[in-house]
J.: 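Below you'll find the structure I mean.
Just so it is clear, the values below take in all heavy atoms, side chains as well, and ignore hydrogens, waters and symmetry mates. Chain identifiers are assigned alphabetically (A, B, ...) following the order of the sequence lines, protein sequences preceding nucleic acid strands; residue numbering begins at 1 within each chain.
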Amino acid sequence: DTAVSQTPKYLVTQMGNDKSIKCEQNLGHDTMYWYKQDSKKFLKIMFSYNNKELIINETVPNRFSPKSPDKAHLNLHINSLELGDSAVYFCASSQAGQTQYFGPGTRLLVL
Amino acid sequence: DAKTTQPPSMDCAEGRAANLPCNHSTISGNEYVYWYRQIHSQGPQYIIHGLKNNETNEMASLIITEDRKSSTLILPHATLRDTAVYYCIVRVALGNEKLTFGTGTRLTIIP
């Protein structure tokens, strides 16, 4: 059983499109995160949700909108995609204050 | 978050112990040392963490110096599958603290 899963695994799209990435965890955790890893392999936090409430919102363009329908899901919607959005997006989850576990990543390529 | 310093790369012979150092000279008393690794752009994988005592699990051992200013991750019998980028992270274990990834150490296991 996959603990933290993401869909899709790969996403290729045109500039200007709107797309969503989904994340689900079956660990019973109360906190979920989105991280972005760019082409230079730097991995940075984007958002964090605890019990469906936004806790961390780093300096991310407002074209990115996370949505947490319940504690087990944290989706990332991106409007008006730009070339610079090409990256690998990782979802993670944890019980508050404890170890974070990561998903396999979604590789986004904007053409 | 306190910053960490790691060597950019290391090699280790297969079957030998791999010792990965990390300096965290500005660590605070309530910050833990976490180790993650990333194998070829997969999601970061949790390895081990500790506060001040040495820790061991099925994957690795963590040795933290008495002054807590540095630590060493030990993979006792390295295999080719241990080739990865290893990240040392210090983090307050409160609430929903993000993980701040540095550039890590690229460990290559040599056959």
J.: Counting only heavy atoms not in A:R63 (residues, nucleotides, ligands), do more than 12 fall under 6.0 Å from its CZ?
T.: yes
J.: Is B:I74 linked to B:V33 within one hydrophobic cluster, defined over Ile, Leu, Val, Met, Phe, Trp and Tyr using a side-chain heavy-atom separation of less than 4.5 Å?
T.: no
J.: If Ile, Leu, Val, Met, Phe, Trp and Tyr residues are connected whenever their side-chain heavy atoms lie under 4.5 Å apart, and connections chain through other members, are A:I21 and A:L111 in the same group?
T.: no
J.: To the nearest 0.5 Å, what is the distance between CD on A:Q100 and NE2 on B:H49?
T.: 12.0 Å
J.: Do B:I47 and B:L80 belong to the same hydrophobic cluster, where Ile, Leu, Val, Met, Phe, Trp and Tyr are linked whenever their side-chain heavy atoms lie under 4.5 Å apart, directly or via other members?
T.: yes
J.: Say you draw a straight line from OH of A:Y101 to OH of B:Y46; how long is it, rounded to the nearest 0.5 Å?
T.: 6.0 Å
J.: On a heavy-atom basis, which atom in A:K41 and which in B:Y87 lie closest, and how many Å separate them?
T.: O-OH, 4.0 Å
J.: Any side-chain heavy atom of B:L99 sitting closer than 4.5 Å to one from A:Y33?
T.: no
J.: Quick one: CD1 on A:I45 to CZ on B:F101, what's the gap to the nearest 0.5 Å?
T.: 9.0 Å
J.: Where on B:Y32 is there a heavy atom nearer than 4.5 Å to chain A: the side chain, the backbone, both, or neither?
T.: neither
J.: Apply the test ring-ring contact (aromatic ring centres under 6.0 Å, His included) to residues B:Y36 and A:F102: give CA-CA distance (whole Å), side-chain angles for both, the deciding distance (0.1 Å), then the verdict.
T.: CA-CA 10 Å; B:Y36 281 79; A:F102 286 77; 5.7 Å; yes
J.: Same hydrophobic cluster for B:M59 and B:L75, using side-chain heavy-atom links shorter than 4.5 Å among ILVMFWY?
T.: yes
J.: Pick one of side chain, backbone, both or neither for B:Q38, based on which atoms fall under 4.5 Å of a heavy atom in chain A.
T.: side chain
J.: So does B:R106 have more than 12 non-hydrogen atoms from other groups sitting under 6.0 Å from CZ?
T.: no
J.: To the nearest 0.5 Å, what is the distance between NZ on A:K40 and OG1 on B:T103?
T.: 13.0 Å
J.: With a 4.5 angstrom heavy-atom cut-off, could you sort out which part of A:Q6 is near chain B: side chain, backbone, both or neither?
T.: neither
J.: Checking B:R91 side chain against A:T99 main chain: does a donor-acceptor pair fall under 3.5 Å?
T.: no
J.: With a 4.5 Å heavy-atom cut-off, do A:E58 and B:K98 have their side chains touching?
T.: yes
J.: With clusters defined by side-chain heavy atoms of hydrophobic residues (ILVMFWY) lying less than 4.5 Å apart, directly or transitively, does B:I110 cluster with B:Y86?
T.: no
